[in-house]
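Shown next, in structure tokens, is the structure this report addresses.
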Amino acid sequence: MSTIAAYLLDPSAATIRPVQIEPATIFDTARFLGGADYPALHQIDKRHTAYVDDDGLTKPVTGMFTVAGREGTPVAGRALIVGNEPEGDAARSPFLTIEAVARILMVHRPIIIPRLVSMEQTHPGLKILSTRVGTLTLELQRVHPAICKD
């Protein structure tokens, strides 16, 4: 069988990398590479489709993505991105370079920021130089994915 190029987006790591896949087994590949229990299609643009996990937002989320300039619910989990023909749904190699795809995708990742406090602040008179976590703040990091070329 012949293979085609595709891109694998991992929003948890905020990376995108090229992969080679067999179009005839794309749903099995999406399950394996993308971790998708139930692969579903998500349109990136008129010529590109992402195979994603339809149940992605029902699982613990460590990374999501959106298409830049589009409002709506982010897609959770990995995505296998391929090109598609306008007249059909046959998978083919992407029309855009990996750099162009990385520019149109926005990754959203939860980031935990600890604030350390001195033990002396919480226990006056304590003579041990030590710190502990005082509070944790949760923020959402928004970045374009970094390109990994194997």
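Quantities reported herein were computed from a predicted structural model and do not represent experimental measurements. Excluded from the calculations below are hydrogen atoms, water molecules and symmetry mates; all remaining heavy atoms, backbone and side chain alike, are included.
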Rounded to the nearest 0.5 Å, what separates atom [atom1] in [X] from atom [atom2] in [Y]?
| X | Y | atom1 | atom2 | value |
| --- | --- | --- | --- | --- |
| L8 | R78 | CG | CZ | 5.5 Å |
| R115 | T135 | CZ | OG1 | 4.5 Å |
| I26 | I21 | CD1 | CD1 | 4.0 Å |

For the residue pair [X] and [Y], what are the closest heavy atoms and their distance?
| X | Y | value |
| --- | --- | --- |
| A5 | S93 | N-OG, 3.0 Å |
| P11 | G77 | CG-O, 3.1 Å |
| K46 | N84 | O-ND2, 3.6 Å |
| P23 | S2 | CD-O, 3.4 Å |
| P39 | F27 | CB-CD2, 3.5 Å |
| P18 | C148 | CD-O, 3.2 Å |

How would you list, by chain and number, every residue that makes a side-chain contact (heavy atoms from CB on, under 4.5 Å) with [X], sequence neighbours excluded?
| X | answer |
| --- | --- |
| P114 | V133, L136 |
| A146 | none |
| H144 | M106 |

Among Ile, Leu, Val, Met, Phe, Trp and Tyr joined by side-chain contacts under 4.5 Å, find the other residues sharing a cluster with V67 and list them by chain and number.
Y7, L9, I16, I44, V52, F65, V75, I81, L96, I98, V101, I104, L105, V107, V143, I147
Provide the full list of salt bridge (Lys or Arg N to Asp or Glu O under 4.0 Å) pairs with a residue in residues 57-66, sequence neighbours left out, each pair given once.
D37-K59, D53-K59
Inter- and intrachain pairs under salt bridge (Lys or Arg N to Asp or Glu O under 4.0 Å), touching residues 100-109, at least two apart
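Residue pairs with at least one partner in residues 100-109: there are none.
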Check side chain to side chain donor-acceptor pair (under 3.5 Å) between [X] and all other residues, then give those that pass, not counting sequence neighbours.
| X | result |
| --- | --- |
| R47 | none |
| H48 | D45 |
| T62 | S12 |

Give a yes or no on this: more than 12 heavy atoms of other residues, nucleotides or ligands lie within 6.0 Å of atom CD1 of I112.
no
Would you say that H108 contacts T66 through its side chain, given a criterion of any heavy-atom pair below 4.5 Å between the two side chains?
yes
Under the 3.5 angstrom rule, does the side chain of T25 hit a backbone N or O of D28 as a donor-acceptor pair?
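Checked: no pair found.
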Salt bridge (charged side-chain N to carboxylate O under 4.0 Å, His left out) involving E139 - partner list, sequence neighbours excluded
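For E139 there are no salt bridge (charged side-chain N to carboxylate O under 4.0 Å, His left out) partners, ignoring immediate neighbours.
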Regarding H42 and T49, do their side chains bring together a donor and an acceptor under 3.5 Å, going by distance alone?
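On atom types as modelled, these side chains do not qualify, holding no pair under 3.5 Å.
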